[in-house]
There are 2 protein chains.
Amino acid sequence: MKSELTIGDVARESGVKVPTIRYYEQIGLLPEPPRTDGNRRFYDQKGLRRLAFIRHARELGFEVSAIRTLLALQDDPTQPCATADGIAKARLIEVEQRIASLMALKAELEVMVEECRHGRLAECRVIEVLADHGKCMHDHH
Amino acid sequence: MKSELTIGDVARESGVKVPTIRYYEQIGLLPEPPRTDGNRRFYDQKGLRRLAFIRHARELGFEVSAIRTLLALQDDPTQPCATADGIAKARLIEVEQRIASLMALKAELEVMVEECRHGRLAECRVIEVLADHGKCMHDHH
DNA sequence: CTACATCCTCTAGCGACTAGAGGAGCAAGC
DNA sequence: GCTTGCTCCTCTAGTCGCTAGAGGATGTAG
């Protein structure tokens, strides 16, 4: 376990691309790391963990502003966790709504694809359904 | 049924906002409509249908480039519909993958929220799970 | 005739990156 | 030492699909 990690090292280990790491630093999600004599960033295990935290949160769909709050909470563990819990709950609701919406779209796409008779476009269901919303059986949108 | 519709009329009837309609025109999704003496755009039922088509396709998550192709196909209905069918099928696969991914995230978020004991952050599951990906039971990401 | 809504063009901003230019540093092989 | 080639640096600009705002013209209702 190296103690001085280059930006490439942390990129490999965290799965976050090098330019994205620099971008996170630029927007203040990551602190400015120390530099070598040759002006290169170097990181320690703490920096790597912070980046892994960010990556995981991004994968879960949290916005950067939410991650900013979560990181601040992590930095001050004397705070009650109601805030973190609230952010997670809000995200859960978003995800549930997005799933419901996508399920409806899936059903609609399936009908379109299913009914396409592979003939001429004149009777193609894909075009037809898109052209006339009334032809789709769902009222979700 | 008016035959000369202002941009505001088609916005109301299609549910697409006025600046978005102008944007669609700018990127070539909509043809440049004729203008009144006072330089205002006016539309007919055909223009409104084209906009409704675009809106529905966007709601189904099709990208603008895909919609461009679908519109071209619609304009030339002698073409086989295999292309339209392919676009819809590709989108269906995307949607299915997105649903699967969101279901996994939902499960993970539920565990996080469920296990949060509403105590101090020191033992908050939300922060903890985010900080250590190994603590989450899914290997989807 | 005066408000006020709607329209026009134009430029710039959003989020979360991603790509590319142009140059400097570093490690390994010869 | 020297060259090759990879990684790093900064900076600007582009992506997608809009959205917001400035600053001005036009149309409509009372």
Side-chain angles (χ1 to χ4, degrees), chain A residues 2 4-30 32-43 47 50-51 53-71 87 90-91 94 98 101 105 141, chain B residues 2 4-30 32-43 47-48 50-51 53-71 87 90-91 94 98 101 141:
Chain A
K2 276 187 288 184
E4 290 211 351
L5 303 156
T6 68
I7 197 168
D9 293 334
V10 290
R12 257 184 306 281
E13 294 199 35
S14 68
V16 179
K17 287 179 197 151
V18 170
T20 306
I21 296 172
R22 287 197 279 249
Y23 167 73
Y24 285 160
E25 182 185 326
Q26 192 188 302
I27 62 168
L29 264 195
L30 288 175
E32 289 183 23
R35 305 280 183 129
T36 65
D37 289 352
N39 196 34
R40 301 184 164 203
R41 292 167 178 84
F42 66 91
Y43 300 84
R50 195 175 178 93
L51 189 52
F53 183 102
I54 293 169
R55 198 206 164 182
H56 195 194
R58 285 294 300 136
E59 278 171 344
L60 288 171
F62 289 98
E63 289 173 7
V64 164
S65 63
I67 298 175
R68 223 181 277 274
T69 307
L70 290 169
L71 282 168
I87 292 171
R91 178 69 194 140
E94 270 174 42
R98 189 86 186 110
S101 164
L105 300 188
H141 57 263
Chain B
K2 276 187 289 185
E4 289 211 353
L5 302 156
T6 68
I7 196 168
D9 293 334
V10 289
R12 256 184 307 282
E13 293 199 37
S14 68
V16 179
K17 287 178 196 152
V18 170
T20 305
I21 297 172
R22 287 196 280 250
Y23 167 73
Y24 287 158
E25 182 184 325
Q26 192 189 304
I27 62 169
L29 264 196
L30 287 175
E32 289 184 23
R35 305 280 184 129
T36 65
D37 290 351
N39 196 34
R40 301 185 164 203
R41 291 166 179 85
F42 66 90
Y43 300 85
L48 180 54
R50 195 175 180 95
L51 189 52
F53 183 102
I54 294 170
R55 195 200 168 188
H56 195 193
R58 286 293 300 136
E59 277 171 345
L60 288 171
F62 290 99
E63 290 173 8
V64 166
S65 62
I67 297 175
R68 225 182 278 274
T69 307
L70 290 170
L71 282 168
I87 291 171
R91 178 69 194 139
E94 269 173 41
R98 189 88 187 110
S101 165
H141 58 265

field: Results of side chain to side chain contact (heavy atoms under 4.5 Å, CB included) for Arg50(B) - residues two or more places apart only
entry: Leu30(B), Pro31(B), Leu71(B), Asp75(B)
query: To the nearest angstrom, how far is Arg68(B) atom CZ from dC16(D) atom P?
result: 10 Å
query: Roughly, in whole Å, what's the span from NZ in Lys17(B) to P in dG17(D)?
result: 16 Å
message: On DNA chain C, compare the nucleotides closest to Phe62(A) and Ile7(B); which residue's is nearer the 5' end?
response: Ile7(B)
field: Arg22(A) atom CZ, neighbour heavy-atom count above 12 within 6.0 Å
entry: yes
- prompt: Nearest-Å distance, CD (Gln26(B)) to C1' (dT19(D))?
  reply: 13 Å
task: Classify the nucleic acid contact of Arg41(B) as base, sugar-phosphate or nothing, counting any heavy atom under 4.0 Å across all strands shown.
output: sugar-phosphate
message: A quick test of your reading: do over 12 heavy atoms of other residues, nucleotides or ligands sit less than 6.0 Å from CD of Glu63(B)?
response: no
statement: For Arg12(B), the side chain to side chain contact (heavy atoms under 4.5 Å, CB included) test, sequence neighbours excluded, returns Asp9(B)
query: Quick one: Tyr23(A) OH to dT15(D) P, roughly how many Å, whole number?
result: 17 Å
- prompt: Of all residues at least two apart in sequence or in a different chain, which pass the side chain to side chain donor-acceptor pair (under 3.5 Å) check with Arg58(A)?
  reply: none
field: By salt bridge (charged side-chain N to carboxylate O under 4.0 Å, His left out) - contacts of Arg40(B) (at least two apart)
entry: none
- request: Tell me whether the OP1 or OP2 atom of dC8(D) has a side-chain N or O from Thr6(A) closer than 4.0 Å.
  value: yes
- request: Report which part of the nucleic acid Ile27(A) touches: base, sugar-phosphate, or nothing (heavy-atom distance under 4.0 Å, all strands).
  value: nothing
- request: Could you check Arg35(B) against Thr20(A) and say which one's nearest nucleotide on DNA chain C is further toward the 5' end?
  value: Arg35(B)
- prompt: With sequence neighbours excluded, what pairs up with Arg41(A) under the side chain to side chain donor-acceptor pair (under 3.5 Å) test?
  reply: Glu25(A)
task: Could you state the atom-to-atom distance from CZ of Arg22(A) to C1' of dT7(D) in whole Å?
output: 9 Å
- line: Between CD of Glu25(B) and P of dC18(D) the distance, given in whole Å, is 15 Å
- prompt: How long is the line joining CD of Glu94(B) and C1' of dC16(D), in whole Å?
  reply: 14 Å
Span of DNA chain C in contact with chain A (heavy atoms, under 4.0 Å): dA16(C) to dC26(C)
- prompt: Which comes earlier along DNA chain D counting from the 5' end, the contact point of Tyr24(B) or that of Arg40(B), where each point is its nearest nucleotide?
  reply: Tyr24(B)
- request: Classify the nucleic acid contact of Arg12(A) as base, sugar-phosphate or nothing, counting any heavy atom under 4.0 Å across all strands shown.
  value: nothing
- prompt: Considering heavy-atom distances to DNA chain D, does Val64(B) or Asn39(B) have its closest nucleotide positioned more toward the 5' end?
  reply: Val64(B)
